[in-house]
> 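Could you have a look at this structure, given as structure tokens, before my questions?
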Amino acid sequence: MNSPLHRTRRRLLLGGAAAALMPVLAACEKAAQGFAGIDITGADYATGFNLTDHHGQPRTLADFRGKVVVIFFGFTQCPDVCPTSMTEMAQARQLLGADGERLQGLFISIDPERDTPEIMREYMAAFDPSFLALYSAPGELPALAKQFRIYYRKVPGATPTSYTMDHTAGSYVYDPQGRVRLYHRYGTGAQALADDVRKLLAGA
């Protein structure tokens with residue numbers, strides 16, 4: 001059947017499909033501009049924080065000026081996604097050689113009820129002693145998550161303290177000037193992260 005009505009409906013369907021693909025194509029285009037991660041340069045979210053590290057010291061992005069900062073949101077009792085992501089971050093630092101000193105890994109807890117400074121200190125040491133874990137008061141976490149556009153949800157367990165957390169799995173990457181530049185999806189890999197960090201250190 002090839003009636004005018006049929007042709008009109010087909011054009012509308014094709015147009016809708018093209019419109020739906022536009023954000024995907026735009027993301028692919030940005031990712032293709034020399035970076036493995038998704039280029040979010042100029043984003044008006046994930047622009048900064050005021051948190052406390054596992055040593056009890058207040059921290060902001062300005063503290064790490066001159067370094068590429070990689071931020072991951074997670075929790076220390078995470079069984080797989082979090083340790084995998086932090087391991088890849090530590091491997092990326094090693095792959096950078098001498099430039100590894102200019103990569104600052106940050107882990108922001110989405111489980112401040114259980115992630116005490118002592119626990120987070122031990123957790124960071126298991127990956128790289130230079131990495132820092134940051135936390136906020138439980139009441140401030142929703143606003144922080146909204147500002148970074150990350151999702152988290154407590155999933156009840158068999159006991160009140162055996163719950164787990166659903167959460168966004170990905171990392172934000174900042175250039176040495178403290179500007180958010182990239183979003184690395186979970187599983188992108190250590191080599192891809194190291195390559196992007198090297199480009200940012202070179203002024204890309």
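For the single chain, residues carry numbers from 1 onward in sequence order. Note that the coordinates shown come from a computational prediction; the quantities given were computed from them, not determined experimentally.
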> Backbone N or O of Y163 within a donor-acceptor pair of the K154 side chain at under 3.5 Å?
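Absent.
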
> Determine whether the aromatic ring centres of residues Y183 and Y172 are separated by less than 6.0 angstrom.
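Yes, ring centres under 6.0 Å apart.
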
> If I compare all heavy atoms of M120 with all of L134, which pair ends up nearest, and what's the gap?
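Shortest heavy-atom separation between M120 and L134 comes out as SD-O, 4.3 Å.
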
> Given the rule in the side-chain hydrogen bond (donor to acceptor under 3.5 Å, both in side chains) test, do D39 and T41 qualify, once you have shown the distances and angles that lead to the verdict?
CA-CA 6 Å; D39 190 340; T41 302; 2.6 Å; yes

> Between C82 and G74, what is the shortest heavy-atom contact and its length?
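For C82 versus G74, the nearest heavy atoms are SG-CA, 3.7 Å.
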
> Report yes if some heavy atom in the side chain of L96 is under 4.5 Å from a heavy atom in the side chain of L103; otherwise report no.
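A side-chain contact under 4.5 Å exists here.
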
> The test is side-chain contact (heavy atoms from CB on, under 4.5 Å); show your working for Q104 and L132 and say whether it passes.
CA-CA 8 Å; Q104 179 62 58; L132 293 172; 4.0 Å; yes

> Determine yes or no for a side-chain-to-main-chain donor-acceptor pair under 3.5 angstrom, with R65 supplying the side chain and Q177 the backbone.
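Yes, R65 side chain to Q177 backbone: donor-acceptor pair under 3.5 Å.
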
> Decide side-chain contact (heavy atoms from CB on, under 4.5 Å) for I40 and V180; before the verdict, give the C-alpha distance in whole Å, the side-chain angles of both, and the deciding distance to 0.1 Å.
CA-CA 7 Å; I40 57 171; V180 62; 3.6 Å; yes

> When you look at V173 and V69, which way does the side-chain contact (heavy atoms from CB on, under 4.5 Å) test go after all the steps?
CA-CA 6 Å; V173 184; V69 174; over 6 Å; no

> Nearest 0.5 angstrom please: L51 CG to T60 OG1, how far?
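Interatomic distance, L51 CG to T60 OG1, rounded to 0.5 Å: 9.5 Å.
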
> Show the numbers, then the answer: is there a salt bridge (Lys or Arg N to Asp or Glu O under 4.0 Å) between E101 and R93?
CA-CA 8 Å; E101 296 294 325; R93 189 171 186 270; 3.6 Å; yes

> Assess the residue pair Y45 and F148 against the criterion (ring-ring contact (aromatic ring centres under 6.0 Å, His included)); give the C-alpha distance rounded to whole Å, side-chain angles, the decisive distance to 0.1 Å, and a yes or no.
CA-CA 6 Å; Y45 56 92; F148 276 82; 8.6 Å; no

> Whether the Q147 and T47 side chains hold a donor-acceptor pair (N or O, under 3.5 Å, no angle test) is what I'd like checked.
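Judged by distance alone, the side chains do pair up.
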
> Is the side chain of R114 donor-acceptor paired with the backbone N or O of T161 at a distance under 3.5 Å, no angle test?
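Answer holds: yes.
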
> Let me check something: do L95 and V70 share a hydrophobic cluster, defined by ILVMFWY side-chain heavy atoms less than 4.5 Å apart, either directly or through other members?
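No, it is not one cluster - the side chains of L95 and V70 are not joined through contacts under 4.5 Å.
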
> Could you point out which residue of D115, T116, D111 forms a side chain to side chain donor-acceptor pair (under 3.5 Å) with T76?
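Only match with T76 under side chain to side chain donor-acceptor pair (under 3.5 Å): D115.
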
> Out of curiosity, does Y135 fall in the hydrophobic cluster containing L144 (side-chain heavy atoms, cut-off under 4.5 Å, transitive links)?
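Result: no, two separate clusters.
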
> Mind checking the CD-CD spacing from E88 to Q191? Nearest 0.5 Å is all I need.
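Taking CD in E88 and CD in Q191, the distance rounds to 11.5 Å.
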
> Which heavy atom of S162 sits nearest to which heavy atom of A158, and what is that distance?
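For S162 and A158, the tightest heavy-atom pair comes out as OG-N, 3.1 Å.
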
> Nearest heavy-atom pair of A90 and D128: which atoms, and what distance?
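Result for this residue pair: CB-CB, 4.4 Å.
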
> Treating T188 as the side-chain partner and H184 as the backbone partner, does any N or O pair qualify as donor plus acceptor under 3.5 Å?
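Checking the backbone N and O of H184 against the side chain of T188, no donor-acceptor pair under 3.5 Å is found.
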
> Would Y123 and R121 count as having a side-chain donor-acceptor pair, cut-off 3.5 Å?
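Absent: no donor and acceptor within the cut-off.
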
> Report the distance from atom OG of S85 to atom CZ of R185, rounding to the nearest 0.5 Å.
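Answer for the OG-CZ pair, S85 versus R185, is 14.0 Å.
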
> Quick test of your reading of the model: are D195 and R198 salt-bridged, counting only N-O distances below 4.0 Å?
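Yes, charged N to carboxylate O under 4.0 Å.
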
> Ignoring hydrogens, what is the shortest heavy-atom contact between A36 and A192? Give both atom names and the distance.
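Looking at all heavy atoms of both residues, the shortest contact is CB-CB, 3.6 Å.
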
> CZ of F73 to CG of L141: how many Å apart, nearest 0.5 Å?
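It is 8.0 Å, given to the nearest 0.5 Å.
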
> What's the separation between atom OG in S171 and atom OH in Y186, rounded to the nearest 0.5 Å?
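Between atom OG of S171 and atom OH of Y186 there are 11.0 Å.
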
> Which heavy atom of P58 sits nearest to which heavy atom of D63, and what is that distance?
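Closest pair (atom of P58, atom of D63, distance): O-OD2, 3.7 Å.
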
> Just by modelled atom types, is the A204 backbone N or O under 3.5 Å from a matching donor or acceptor in the R181 side chain?
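Yes: the side chain of R181 pairs with the backbone of A204.
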
> Relative to each other, are the rings of F75 and H167 parallel, tilted or perpendicular (30° and 60° limits)?
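F75 vs H167 ring planes: perpendicular.
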
> Quick one: are R102 and P176 in side-chain contact, heavy atoms under 4.5 Å?
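With C-beta onward as the side chain, the pair touches.
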
> So among Y174, F72, F131, F64, which one has a side chain to side chain contact (heavy atoms under 4.5 Å, CB included) with L106?
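Running side chain to side chain contact (heavy atoms under 4.5 Å, CB included) over Y174, F72, F131, F64 with L106 returns exactly one hit, F64.
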
> Do the side chains of F127 and I119 join up, straight or via other hydrophobic residues, at under 4.5 Å, putting them in one cluster?
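In one cluster with F127: I119, no.
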
> As an exercise, state the distance from CZ of R149 to OG1 of T168, rounded to the nearest 0.5 Å.
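So the gap between those two atoms works out to 12.0 Å.
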
